[in-house]
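Whatever order the structure lists ligands and atoms in, that order sets their numbers, starting from 1. One is the number of the first residue; the rest follow in order along the sequence. Note that these values count all heavy atoms, side chains included, but never hydrogens, waters or copies made by symmetry.
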Amino acid sequence: MVWAVKMRQGIGVYEASERIQAVTPVLGPESVLLGEAAGRVLAEPIFSSRQLPPADNSAMDGYAVHSADLVDASEGEPVRLPVVEEIPAGAGSSQRLQPGAAARIFTGAPVPEGADAVVRQEDTRSEDNQVWVTVSVKPGENVRDAGEDIQLGDQVLGGGDSLGAVEIGLLASLGRSMVRVHRRPRVAILSGGDELVEVDGDVRGGRIVASNSYALVAACRLLGAEPLYLGISEDRPESVEEQFRAALDSDCIVSSAGVSVGDHDHVRPVLEKLGCELDFWGVRMKPGYPLAFGRFEEAASGVAGRGPLVFGLPGNPVSANVSYNLFVRPALLKMMGYSTCFRPVIRARLMESLRKKPGRMHFVRVILENREGIWEATSTGNQSSGALSSMTRADGLLVFPEEAEELSAGDEVLVQLLGDAPAGEMALGF
Ligand code: AMP
Ligand code: MG
């Protein structure tokens, strides 16, 4: 009954997004090997148990010296110093450098006690155990001070920071072989419909491939979530129920199709039967009106408040993808511990006029081109919700506000950027 009332008018896009984010949990922490931690989000701040660099060390291949010895050194009157020691990287220095002497030193090697600078090899000439220095150096020159990068006890990363390549490198240099990060959501992916087959299935007789499932599995992988592919259910309540039961111990269920009002749409009654609490059905947007969102209050294991979120996405491939990007992706990122969960939005100049009826927010697939620092947005053409090919060409989704009826060429518009692939240019570009 409640379901029937809510589905009549639908809710707005902002409200849908807020309601989803409000009930989406941040998943608890787990410890992982540093080598497996890329793309994860820290569940704890990291304090340094070391100083970096660990000791004063040489930034150059050359000679460790007392700078005071070289005040008068020049090309014409080089200063001669005996070379009393050789210190390669990785070796410790055994003795204090006395005034009037030099130590051969290599990049990264610890500067011996007593020395206060390093002369570059290029500014010297050497013979036997002596070196002629042709320049003067300032105290501290070519020396990297102990702790100049990180001090013992410094907070180097915060809880909530995501781990990219440089963060992983930093943690490695601190000797952190394990880190506490937020768990990755296990996302159950379901399709339903008697017309659907797997990718290598027989498509004669009006069948189509359940392409949404493949796209959703890929999207989860690219995001760093853990997809669980649960196949295709038939248009029978028992089959749909069996599939949903298999999904109950996940963190998030993403089902495509079967949530409309057709006689063969069994998803909603099955969800109700299994105890899913529907939050809303229908969002005033196009494409993607028939979106259902709810959650199980209790996990399959009986833990209260821990059941999976449920997204019933529309079946049409474009609608499914747009709804995924707007609603599912931010929820998965929040679960993973990200605080920046939404795709970036840019301002662009519309290159054509667009019309629609008021009452729904439209997301128009557009191609973006940067002309002299200004983004220009052109529609990809066919905006049918079945035309997935137009989605592959789209750089972003233009936001055509709910009540607006017309946008004119030249108008400034907002475009949410799409794309999973790393951004790239054909050449260096500078
Ligand atoms: P429905 O919501 O079941 O009425 O489906 C709406 C449209 O989406 C129909 O044309 C379905 O064939 C199509 N569809 C449903 N599920 C999928 C899927 N997993 N992959 C691709 N298309 C689908
Ligand atoms: Mg169907």
Do we see a donor-acceptor contact under 3.5 Å between the side chains of [X] and [Y]?
X: Y14; Y: E402; value: no
X: R365; Y: S390; value: yes
X: D116; Y: S67; value: yes

**OP:** Before signing off on this row, confirm whether S191 and ligand 1 have an N or O atom pair separated by under 3.5 Å.
**Re:**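 N/O-N/O distance below 3.5 Å exists for this pair.
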
Original post:
Quick check: does G315 get an N/O under 3.5 Å from an N/O on ligand 1?
Top reply: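 Yes.
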
If the cut-off is 4.0 Å to any non-hydrogen atom of [X], which atoms of ligand 1 fall inside it?
X: E195; result: 11 (C), 12 (O)
X: I208; result: 12 (O), 22 (N)
X: N212; result: 17 (C), 18 (C), 19 (N), 20 (N), 21 (C), 22 (N), 23 (C)
X: N316; result: 7 (C), 8 (O)

Original post:
Relative to ligand 1, is V209 under 4.0 angstrom through side chain, backbone, both or neither, heavy atoms considered?
Top reply: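 Just the backbone.
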
Subject >> Lys/Arg-Asp/Glu bridge criterion (N-O < 4.0 Å) met for R245, E241 >> reply: yes

**OP:** Look at the rings of H362 and F400 and say which category their plane angle falls in: under 30° parallel, 30 to 60° tilted, over 60° perpendicular.
**Re:** perpendicular

**OP:** Quick one: sort the Y289 and W281 rings into parallel, tilted or perpendicular, breaks at 30° and 60°.
**Re:**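 It falls in the perpendicular class, over 60°.
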
Subject >> S211 heavy atom under 4.0 Å from ligand 1 >> reply: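 A heavy atom of S211 does come that close to ligand 1.
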
